[in-house]
Amino acid sequence: MKIGIDKIGFATSDLYLDMADLAYARHEDPNKYLIGIGQSKMAVIRPTQDVVTMAAAAAKKIISQADKEKISYVIFATESGIDNSKGAAIYLADLLGLLPRIRTIELKQACYGATAALQLAKGYIALNPETEVLVIGADNARYGINTPGEPTQGGGAIAMIISSKPKILELEHETAAYAEDIMDFWRPLGHSKALVDGKYSAGVYLDFLKNVWDEQLQKTGYQPQDYGALLFHLPYTKMGLKGLRQILQNASIEDSSRLLREFEYARQFNREVGNLYTGSLYLSFLSLIVNSPNIKSGERIGFFSYGSGAQAEFFSGILQTDYQKGLAGVDYQAILNKRQAVSVAEYEELFENHVFDVENIELDYQEDKSNFILAGVQDYRRKYLSR
Ligand code: COA
């Protein structure tokens, strides 16, 4: 039996900040952000948007009535949780109108969360092949104004339907995982912004990559030539490029140039959206299958998932014949092109107005045209609107 990704959807803010504008405001050379970090634009999240509304928007793009009847489990991965107790998946299931006879859960392990969700879903579908699992990776990446991490912010949501009839990707059995207790990035309780030791984190990312790549190689024998593309968690796109170069150290010139070429397609959307935290690896997958004219069904795609703290996993899947159908006809480049640019001052104001630990607020959502809105908070209860 095949198990894998049947459909994939993505949603982000309708606002963005140009990285060159941010660079000028921070007295940096724009090429540091555009080339050195590898980011062109950064999603700016309105106060009326959060992980629940973005997840609902991503899921709405792909969920049919038939899916609604088959989904029996919603796994919501995020490190931007909106409650310390109640899971975001409950709010999401309600906004989407899913049936009540389902399981819903929120899970967390930094940017690895969505991969944990995917692997849990794979096991669940093996036991329940007639059903479907809705997996979400949604985040609002916040480091703070004028911090080194600022140019690596962003936000959005990925939604994936996992089933035993995957149109997009069949997950392969062998995976290599590695965990070690380290402090490279964390967000203590009560903090709305992450704390990060950025340079240390980049080093650990590469060490963990070496570890899981070597183990997967031992288990499967797969070399770079056995992959149609290699994908990476992309906190900023230069990080993935460093990872790919590390893997390609002993590869042939032909394989190197082919995999580097595919990486450019795979980072195209991430470059325009910024960090999605747990959804980043899967946005890169979406970017590859939407933008690459070379990638073919039957090819093996390798995935490196990394979540600070730290947990890593390398796994792979085989691209399926109908993979284009799993995109549900959505034109993501057109959606990204339609976004509205904001100035640095506007971004800073929106950033500071982020709704966090607020007892009561009524939000002005007139300018937010999204289908799903955070309308306010009453007695610490979040009020969502669907329209
Ligand atoms: N033109 C081209 N490249 C330039 C440049 C210019 N004018 N100026 C600087 N650069 C390059 C640097 O050489 C460096 O490249 P390298 O990493 O390949 O050496 C890169 O731009 C970044 O410069 P650096 O001085 O290291 O930036 P920084 O001290 O501001 O920190 C991060 C950059 C990424 C470490 C920081 O943004 C951060 O901490 N982000 C958080 C990301 C994170 O850790 N997430 C969790 C991990 S998964």
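Read the numbers this way: they start at 1 and go in the same order the structure lists the ligands and their atoms.
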**Student:** Heavy atom to atom 39 (O) of ligand 1, shortest distance: which of A310, P30, G198, A202 holds it?
**Tutor:**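 Looking at heavy atoms only, G198 sits closest to atom 39 (O) of ligand 1.
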**Student:** Write out the residue and atom name of the closest protein heavy atom to atom 47 (C) of ligand 1, then the distance separating them to 0.1 Å.
**Tutor:**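 Result for atom 47 (C) of ligand 1: S201 OG, 2.9 Å.
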**Student:** Any N or O of D29 that comes nearer than 3.5 Å to an N or O of ligand 1?
**Tutor:** yes
**Student:** Which part of T152 is near ligand 1, with near meaning a heavy atom under 4.0 Å away: side chain, backbone, both or neither?
**Tutor:**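 Side chain only.
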**Student:** Among protein heavy atoms, which sits nearest to atom 33 (C) of ligand 1, and what does the distance come to when rounded to 0.1 Å?
**Tutor:**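 Protein heavy atom with the smallest distance to atom 33 (C) of ligand 1: I37 CD1, 4.1 Å.
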**Student:** Work out whether the distance between some heavy atom of M239 and some atom of ligand 1 is less than 4.0 Å.
**Tutor:**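 No.
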**Student:** Is the Lys NZ or Arg CZ of R382 less than 6.0 Å from the centre of Y91's six-membered ring, within 45° of the axis?
**Tutor:** no
**Student:** Donor-acceptor pair, S164 side chain versus P129 backbone, under 3.5 Å?
**Tutor:** yes
**Student:** Tell me which protein heavy atom sits closest to atom 44 (O) of ligand 1, plus the residue, atom name and distance to 0.1 Å.
**Tutor:** V196 CG2, 3.4 Å
**Student:** Can you find a side-chain donor-acceptor pair between Q268 and S287 that sits under 3.5 Å?
**Tutor:**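 Their side chains do not contain a donor-acceptor pair, so the 3.5 Å distance test is not met.
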**Student:** Using a strict threshold of under 4.0 Å (side-chain N to carboxylate O), is an ion pair present between E348 and R26?
**Tutor:**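 Answer for the salt bridge query: yes.
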**Student:** Is the distance between the ring centroids of W213 and F315 under 6.0 Å?
**Tutor:** no
**Student:** Would K41 and D18 pass as an ion pair if we require N to O under 4.0 Å?
**Tutor:** no
**Student:** Any Lys/Arg nitrogen of K70 or E130 sitting under 4.0 Å from an Asp/Glu carboxylate oxygen of the other?
**Tutor:**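 No, no charged N to carboxylate O under 4.0 Å.
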**Student:** Identify, with sequence neighbours excluded, every residue that meets side chain to side chain contact (heavy atoms under 4.5 Å, CB included) alongside R258.
**Tutor:**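 R258 satisfies side chain to side chain contact (heavy atoms under 4.5 Å, CB included) with D255, R261 once adjacent residues are dropped.
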**Student:** Going by side-chain hydrogen bond (donor to acceptor under 3.5 Å, both in side chains), name the pairs with one or both residues in residues 353-363, residues two or more places apart or in two chains.
**Tutor:** none
**Student:** Using non-hydrogen atoms of the residue, decide whether Y143 is closer than 4.0 angstrom to ligand 1.
**Tutor:** yes
**Student:** I want to check a possible cation-pi pair here: R142 against F351, using under 6.0 Å from ring centre and within 45° of the ring axis as the test.
**Tutor:** yes
**Student:** For N31, counting its heavy atoms only, list the atoms of ligand 1 lying under 4.0 Å from any of them.
**Tutor:** 1 (N), 2 (C), 3 (N), 6 (C)
**Student:** Starting from atom 29 (O) of ligand 1, which protein heavy atom do you reach first, and at what distance in Å?
**Tutor:** K199 NZ, 2.9 Å
**Student:** Going by an N to O cut-off under 4.0 Å, is there a salt bridge joining E106 and K86?
**Tutor:** no
**Student:** Touching ligand 1 at all, P148? Heavy atoms, strictly under 4.0 Å?
**Tutor:**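 Within the 4.0 Å threshold, so yes.
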**Student:** Which protein non-hydrogen atom lies closest to atom 15 (O) of ligand 1, naming both residue and atom, and how far is it?
**Tutor:** K238 NZ, 3.5 Å
**Student:** If the test is side-chain hydrogen bond (donor to acceptor under 3.5 Å, both in side chains), which one of Q340, R46, R339 qualifies with D14?
**Tutor:**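 The single option meeting the side-chain hydrogen bond (donor to acceptor under 3.5 Å, both in side chains) with D14 is R46.
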**Student:** Compute the shortest N/O to N/O distance between H233 and ligand 1 and return yes if it is under 3.5 Å, no if not.
**Tutor:**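 No, H233 has no N/O under 3.5 Å of an N/O on ligand 1.
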**Student:** Measuring to protein heavy atoms, does anything land under 4.0 Å from atom 23 (O) of ligand 1?
**Tutor:** yes
**Student:** Please write down residue, atom name and distance for the protein heavy atom closest to atom 8 (N) of ligand 1.
**Tutor:** K32 CB, 3.5 Å
**Student:** I'd like to know if the side chain of K238 and the backbone of G36 have a donor-acceptor N/O pair within less than 3.5 Å.
**Tutor:**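 Here the side-chain-to-backbone pair exists.
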**Student:** Show the atoms of ligand 1 that are less than 4.0 angstrom away from any heavy atom in Y306.
**Tutor:** 48 (S)
**Student:** So which protein heavy atom does atom 3 (N) of ligand 1 come closest to, and at what separation?
**Tutor:** G36 CA, 3.5 Å
**Student:** Yes or no, since that's all I need: does a protein heavy atom fall within a distance strictly under 4.0 Å of atom 12 (C) of ligand 1?
**Tutor:** no
**Student:** Does atom 42 (C) of ligand 1 have a protein non-hydrogen atom under 4.0 Å from it?
**Tutor:** yes
**Student:** Side chain, backbone, both or neither: which applies to E150 and ligand 1 if a contact is any heavy-atom pair less than 4.0 Å apart?
**Tutor:**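 The answer is neither.
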**Student:** Heavy-atom distances under 4.0 Å decide this one: backbone, side chain, both or neither, for K242 against ligand 1?
**Tutor:** side chain
